[in-house]
**Student:** 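My questions will all concern the structure given below.
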Amino acid sequence: MSVLSPFLVHSAVQAITPILLAALAGVLCGQAGVFNIALEGEMLVGAFAGVAGSYLAGSAVAGVAAGALAGAALALILAYGSTVLRGDAIVIGIGINLLASGLTAYLLRQMFGVSGTFDSPAIVGLAPIAIGGLAGVPLLAAALSRQSVLTWFAWALVVLVAVGLFRTPFGLRLRGLGEQPDAAATLGVDVQAWRVGAVLAGGVLAGLAGVQLSLGAVSVFSEDMSAGRGWIAVVAVMLGRNNPLGAAAACVLFGFADAFGLRLQGQGLPNQLTDIAPYVVTLAALILSHRRRQA
Amino acid sequence: MAPALQASGIVKRYGPLLANDGIDLDVARGEVHAVMGENGAGKSTLMSILYGMQAPDGGTIRLDGVAVRFRSPAEAIAHGLGMVHQAFKLFSSLTVWENIVYGREPRRGPFIDGAAARRAAVALAERYGLAVDPGALVARLSVGVRQRVEILKALYREARVLILDEPTAVLTPPERDVLFAVLRRLVVDGRSVIFVTHKLDEVLAISDRVTVLRAGRVAARMTTRETSAREIVRAMTGRVVADRPDRVSMPQGAALLHAEAITVRGDGRVLVADANLSVNGGEVVGIAGVAGNGQTELVEALVGLRAVASGRVQVNGRDVTQSDVAARREAGLAYIPEDRAAVGTAPTASAADNLAMGFHRRPPLRRGWKLDGTAVRDWARRLIARFDIRIGSERTPVATLSGGNMQKVVLARELSHAAPVLIAEQPTRGLDVGAAEFVHGELLAERARGRAVLLVSAELSEVMALSDRVLVMFGGRIIADLPAAQADEERLGLLMAGRPGVAA
């Protein structure tokens with residue numbers, strides 16, 4: 001069997017998108033000096049709001065908007081808590097993640113009267129975008145064709161964030177104030193406002209990551225469906241050292257591990273075993289990168 | 001012509017404390033104006049008011065005759081003020097040019113015009129003799145070069161009045177000379193420099209006029225050419241202070257501290273390489289060197305805070321190389337650490353607790369399995385009285401004390417050990433003239449008692465005033481061992497810069 005089968009590549013690219021969007025959120029916050037571990041919770045709430053919006057308004061666009069808004073709304077707690085109210089970003093992040101898990105389960109029951117999973121034909125998923133003319137290049141066609149608009153958006157954003165961070169006044173200020181807030185403040189930068197902005201923008205991206213989960217490949221919401229992807233994004237941010245390109249590379253690694261796990265499942269391995277593939281890769285990458293840095 | 005900067009009647013209160021009590025300061029165009037004073041005299045408060053970091057409770061500030069009122073440093077910068085803080089405010093993960101243009105970037109469309117930014121940085125650097133590589137990462141620069149970046153940052157923002165807060169504290173003598181040359185070019189160019197310091201020789205060397213503060217008021221205004229070091233010190237302290245501590249010659253005893261071929265590794269580098277030293281009873285040996293050349297690591301290896309890769313340490317004739325800190329202290333080692341707030345004391349603990357530490361395992365402070373509260377209290381009171389520690393009560397946390405009084409707590413505790421060997425690391429850093437004089441007196445008293453004192457200091461004047469012998473560390477090696485008579489500033493300065501060939 002070929003390791004890079006078209007199906008594997010396609011599902012890997014699909015699996016990368018939510019992690020990548022969340023990781024870009026983490027990069028923005030990290031550069032601003034806020035260590036955002038609330039990505040998991042923001043993603044979960046985004047996934048729920050995406051399904052809810054799509055179901056209630058009958059349109060995927062409404063789902064996307066609802067997911068982005070919900071992510072930002074949850075991020076508001078971190079944005080103000082860690083700046084104006086001077087709270088600890090880690091503690092607030094943990095609180096947000098716990099809140100998101102309970103809140104989505106509760107709303108699922110209240111709004112749709114189900115628990116566990118909400119599935120309905122009225123949920124409009126994101127339409128896959130077909131790319132013609134690639135039929136001759138099998139792997140590329142598999143990777144690019146029939147992906148959601150959010151996948152394209154995520155990769156465009158990688159370039160945009162990288163250029164923005166390293167080539168524009170905006171990026172220079174963000175990088176500086178994250179490292180030395182008082183130096184930036186002395187030079188007339190409103191550190192709190194920038195941080196609030198970065199965390200809210202991160203909330204939007206993490207919310208979209210959730211929408212990709214619930215409306216991208218499938219059109220369904222299940223409790224805790226983010227399943228640690230937000231945490232993997234946190235790791236990707238750390239491995240990439242707050243650099244969007246590095247974080248994206250880490251996301252690609254995790255995405256393939258995820259897809260590869262699915263593939264192994266198809267080979268008859270128990271899914272409890274194959275599901276751990278991305279997490280094993282995450283742990284291994286963390287340990288290896290730490291060793292490399294020490295050397 | 002109106003003065004470049006004129007502050008009149010500046011008042012600042014912190015609760016009951018009057019930090020600035022009607023201070024007047026005039027800085028002319030094209031002059032270096034020194035502001036002197038002991039710690040707590042109000043220098044820092046005054047500077048933070050001039051720079052917009054704090055609002056005054058009274059008084060006015062005029063720039064070129066126009067009254068101004070700053071609500072933030074950004075506003076002060078916009079009005080042509082610049083300040084180089086003692087702790088630099090640089091972004092170490094960014095490059096030199098990025099630091100310089102931060103917040104005021106030249107643009108090309110939506111992007112930063114990197115080429116224009118570099119050109120601007122290079123042009124300013126060349127004009128004032130501030131040699132830097134604009135593309136270098138700040139994290140990789142030495143402190144002297146970082147200071148140049150700070151100055152360039154201010155000049156890029158068109159600072160006409162530049163405040164330098166203790167700028168030479170971190171510099172080697174050659175670096176200091178470069179800084180002074182830069183300052184001269186700045187004033188020739190019509191800019192003004194406010195030079196905050198407590199170093200007399202520098203004031204005499206670089207300034208045109210001096211304003212001396214004492215207890216929140218102006219104690220004296222002088223023209224540098226017409227004054228003397230003695231007069232300035234009298235204005236600062238309100239009394240006459242000895243230029244140098246008296247040092248009687250002492251018969252020297254046996255080697256009480258002896259280190260042989262000490263090598264320390266860390267972070268994959270050799271931090272101390274093959275260091276040999278020996279300190280006799282009745283002797284002060286000074287270690288000079290620019291910070292970061294292995295002094296800290298050597299001292300940590302001597303006191304047992306850091307493992308040696310190879311070599312031997314002897315205290316009072318006992319080999320303690322394999323011993324932990326407690327055993328080394330038992331063998332006769334007292335230690336005044338560099339950082340009194342992090343290592344020297346437990347800041348949130350009371351003075352009594354801090355003074356008892358290290359004595360808590362033995363009677364009289366220990367009774368059975370617990371501490372004797374009364375004995376701890378009496379012990380603390382006795383030391384507070386003997387060392388004249390200004391403190392409310394022995395139950396007061398030491399974090400509330402001034403630097404000088406906190407250092408007295410450390411001294412009181414360490415000297416109570418009556419240990420044959422004392423290692424003092426930067427014992428007067430940040431202390432004012434009076435407190436430093438006290439510390440120097442105590443170190444020399446230890447010497448007079450026949451003990452061995454190892455003094456590590458970045459202050460050359462301190463090393464030269466106290467030591468019988470001076471060692472110089474550079475790049476982790478002890479590259480010179482000079483008797484005091486041969487250790488003059490020029491020679492030590494060259495050695496500290498790693499140029500033994502020139503010095504010899």
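Throughout, a chain's letter reflects where its sequence line sits, starting with A, and its residues are numbered from 1.
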**Student:** Rounded to the nearest 0.5 Å, what separates atom CD in Q180(A) from atom OG in S93(B)?
**Tutor:** 9.0 Å
**Student:** Counting only heavy atoms from other residues, nucleotides and ligands, does the tally under 6.0 Å from CZ of R306(B) exceed 12?
**Tutor:** yes
**Student:** Using a heavy-atom cutoff of under 4.5 Å, enumerate the residues of residues 106-114 of chain B that contact chain A, numbered in order, or state 'none'.
**Tutor:** R107(B), P110(B), F111(B), I112(B)
**Student:** Within residues 153-164 of chain B, which positions have a heavy-atom distance to chain A below 4.5 Å?
**Tutor:** K153(B), R157(B)
**Student:** Is it the case that the side chain of R173(A) and the backbone of Y102(B) share a donor-acceptor pair, with hydrogens and angles ignored and the cut-off at 3.5 Å?
**Tutor:** no
**Student:** If I compare all heavy atoms of A74(B) with all of G188(A), which pair ends up nearest, and what's the gap?
**Tutor:** CB-CA, 3.4 Å
**Student:** Given heavy-atom pairs under 4.5 angstrom as the criterion, report whether the side chain, backbone, both or neither of Y51(B) touches chain A.
**Tutor:** side chain
**Student:** Got a sec: does the OH of Y80(A) have more than 12 other heavy atoms crowding it under 6.0 Å?
**Tutor:** no
**Student:** Only distances under 3.5 Å count here; give the side-chain donor-acceptor pairs of residues 132-141 of chain B to other protein atoms, sequence neighbours excluded, each with its distance to 0.1 Å.
**Tutor:**
{"from": "D133(B)", "atom 1": "OD1", "to": "G135(B)", "atom 2": "N", "distance (Å)": "3.0"}

**Student:** Enumerate donor-acceptor pairs with a distance under 3.5 Å from any side-chain N or O in residues 149-172 of chain A to protein atoms, sequence neighbours excluded.
**Tutor:**
{"from": "T151(A)", "atom 1": "OG1", "to": "T17(A)", "atom 2": "OG1", "distance (Å)": "2.7"}
{"from": "T168(A)", "atom 1": "OG1", "to": "G164(A)", "atom 2": "O", "distance (Å)": "2.5"}
{"from": "T168(A)", "atom 1": "OG1", "to": "G171(A)", "atom 2": "N", "distance (Å)": "3.1"}

